[in-house]
Engineer: 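Before anything else, here's the structure in question.
Computed over heavy atoms, backbone and side chain alike; hydrogens, waters and symmetry mates excluded. Everything quoted here is computed from the prediction, not taken from an experiment.
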Amino acid sequence: MSQSKPTFTKIAHSVPPQAWFGVSAVFHYLGPSFAVLLFPAVGVLGVAWLRIASAALIFAPWTKPWRTITEADPRTRLLLVGLGACLAIMNTSFYLALDRLPMSLVAAMEFVGTIGVALYGLRTCRNLAALTLAVLGVFLLIGVKWSSDLTGLFWAFLNGSLFVGYIMLGHKISEAGASSGVDRLGAAMAIAFLFIMPIGFVQAASTFGAPQLVLAGIAVGVCSSVIPYVCDQLAMSRLPRASFALMLALLPATATLIGVIVLAQIPTKQNVIGVLLVVSGVAIHKPAAPEAPIQGAESPEINDASPSPGS
């Protein structure tokens, strides 16, 4: 058993899962802000390579991906390969979309897919009302304006579709508990590195002689793929999938609040109403009650996430 397992299990249960999601939400926007600044110097594919390579390198010593992969059964290995491919293509398409489109439009297309995940898990009128409030708030916040850049729209659509895949696969690896999920995440990130290696290496290699750019790329990896993905696992192991999808509505609200605190950007009245609607929706949402533990089960990490379709 991995040395990390008891540690992450304990950490996951030390605070409400919503707190871990909140940390992830903050870094969800800090990471892209660093990445966009690097595009002119490194290139879009180079930044994607640095992000995934640095994350894989950081995960490796304490998640031991080689052991996770070799000890996994064939079905789990397929899951890890699927998540690794998803992470590599999703992160790359996200940056390619940001290079051509406003972040508000990319965020809107990303959020549309998560609405479907949240709708799939709806069981009560209360949660339907929560989702409605959150969706209204998000569209007030982002003020979407369409684009005629078909290439940019393609990358944004691909990113949004794969983001749904990330939620589904991320919840799947968290089913055995937060610590097992983090170990599997490390393995998936190593596999993602294999996918991204031939795609962005040439651009990334141009930075190897500039330590400041390499350090900036590592910072992007930590802020975008280490801290938020680990926090996602801590939250996913305790939240039903539909609840996690609904909470993603907080991301645009978080971006607005970061703008106020960090950049002194005063929000408009529409922004304030949007934030209030999103927060109200998340506040009234009630996660599904966890299933009763299986009698005789040894692990306290039984995940209460809603089952995946077909499982």
Side-chain angles (χ1 to χ4, degrees), residues 27-70 77 80-103 106 110 149-163 165-166 169-170 182-230 232:
F27 281 91
H28 188 88
Y29 278 99
L30 285 179
S33 66
F34 293 147
V36 170
L37 294 176
L38 286 177
F39 285 173
V42 183
V44 178
L45 298 179
V47 175
W49 191 94
L50 288 171
R51 168 182 175 172
I52 294 174
S54 58
L57 183 63
I58 292 169
F59 273 119
W62 45 280
T63 63
K64 298 178 174 58
W66 53 89
R67 186 170 64 187
T68 301
I69 294 170
T70 56
R77 284 180 192 158
L80 294 176
V81 171
L83 181 57
C86 180
L87 290 172
I89 302 171
M90 178 182 73
N91 293 337
T92 303
S93 60
F94 179 59
Y95 286 166
L96 288 168
L98 284 182
D99 192 43
R100 307 178 70 100
L101 300 175
M103 184 175 288
V106 178
E110 195 172 64
D149 189 328
L150 296 181
T151 302
L153 290 174
F154 167 78
W155 292 122
F157 176 79
L158 180 60
N159 169 67
S161 301
L162 291 171
F163 192 56
Y166 164 70
L169 297 174
V182 171
D183 285 344
R184 291 177 176 183
L185 174 63
M189 193 61 69
I191 294 171
F193 175 65
L194 296 179
F195 277 101
I196 195 71
M197 171 61 84
I199 298 175
F201 177 74
V202 173
Q203 284 190 354
S206 65
T207 69
F208 293 168
Q212 69 275 17
L213 290 179
V214 174
L215 289 175
I218 293 172
V220 169
V222 171
C223 292
S224 298
S225 292
V226 178
I227 296 176
Y229 288 169
V230 168
D232 282 349

Engineer: Knowing that exactly one of Leu83, Ile196, Leu80 qualifies, which makes a side chain to side chain contact (heavy atoms under 4.5 Å, CB included) with Ile191?
Structural biologist: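 Going through the options one by one, the only one that passes is Leu80.
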Engineer: Given side chains that start at C-beta, do those of Val42 and Trp49 come closer than 4.5 Å, heavy atoms only?
Structural biologist: no
Engineer: Would you call Val220 and Tyr95 a side-chain contact if the rule is heavy atoms closer than 4.5 Å?
Structural biologist: yes
Engineer: What orientation do Tyr166 and Phe163 show, parallel under 30°, tilted 30 to 60°, or perpendicular over 60°?
Structural biologist: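 It falls in the parallel class, under 30°.
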Engineer: Return yes if some donor-acceptor pair links the side-chain N/O of Ser224 with the main-chain N/O of Gly221 below 3.5 Å, else return no.
Structural biologist: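 A pair under 3.5 Å: no.
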Engineer: Less than 4.5 Å apart, any side-chain heavy atom of Pro65 and any of Met189?
Structural biologist: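 A side-chain contact is absent here, since even the closest heavy-atom pair is not under 4.5 Å.
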Engineer: Treating Asn159 as the side-chain partner and Trp155 as the backbone partner, does any N or O pair qualify as donor plus acceptor under 3.5 Å?
Structural biologist: no
Engineer: For the residue pair Leu162 and Ser93, what are the closest heavy atoms and their distance?
Structural biologist: CD1-OG, 4.5 Å
Engineer: Looking at Pro228 and Val222, what are the two nearest heavy atoms and their distance?
Structural biologist: CD-O, 3.8 Å
Engineer: Any side-chain to backbone donor/acceptor pair from Thr92 onto Ile89? Under 3.5 Å, distance only.
Structural biologist: no
Engineer: Stepwise, does the side chain to side chain contact (heavy atoms under 4.5 Å, CB included) test hold for Leu87 with Ile52?
Structural biologist: CA-CA 9 Å; Leu87 290 172; Ile52 294 174; 5.8 Å; no
Engineer: CG/Asp183 to NZ/Lys64 distance, rounded to the nearest 0.5 angstrom?
Structural biologist: 9.0 Å
Engineer: Could you pull out the closest heavy-atom pair between Val182 and Thr63, with the gap in Å?
Structural biologist: O-CG2, 3.8 Å
Engineer: Which heavy-atom pair separates Ile199 from Phe195 by the least distance, and what is that distance?
Structural biologist: CD1-O, 3.6 Å
Engineer: Looking only at heavy atoms, which two atoms of Leu50 and Leu213 are closest? And how far apart?
Structural biologist: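 In this case the closest contact between Leu50 and Leu213 is CD1-O, 4.5 Å.
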Engineer: Apply side chain to side chain contact (heavy atoms under 4.5 Å, CB included) to residues Leu98 and Phe94 and explain how you reach the verdict.
Structural biologist: CA-CA 6 Å; Leu98 284 182; Phe94 179 59; 3.6 Å; yes
Engineer: Ignoring hydrogens and angles, tell me if any N or O in the side chain of Arg77 forms a donor-acceptor pair with the backbone of Ile69 under 3.5 Å.
Structural biologist: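 It does hold such a pair.
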Engineer: Return the CZ to CG distance between Phe193 and Leu57, rounded to the nearest 0.5 Å.
Structural biologist: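 Reported to 0.5 Å precision, the distance equals 8.5 Å.
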Engineer: Work out which heavy atom in Phe59 is nearest to a heavy atom in Ser225; give both atom names and the distance.
Structural biologist: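 For Phe59 and Ser225, the tightest heavy-atom pair comes out as CE1-O, 3.5 Å.
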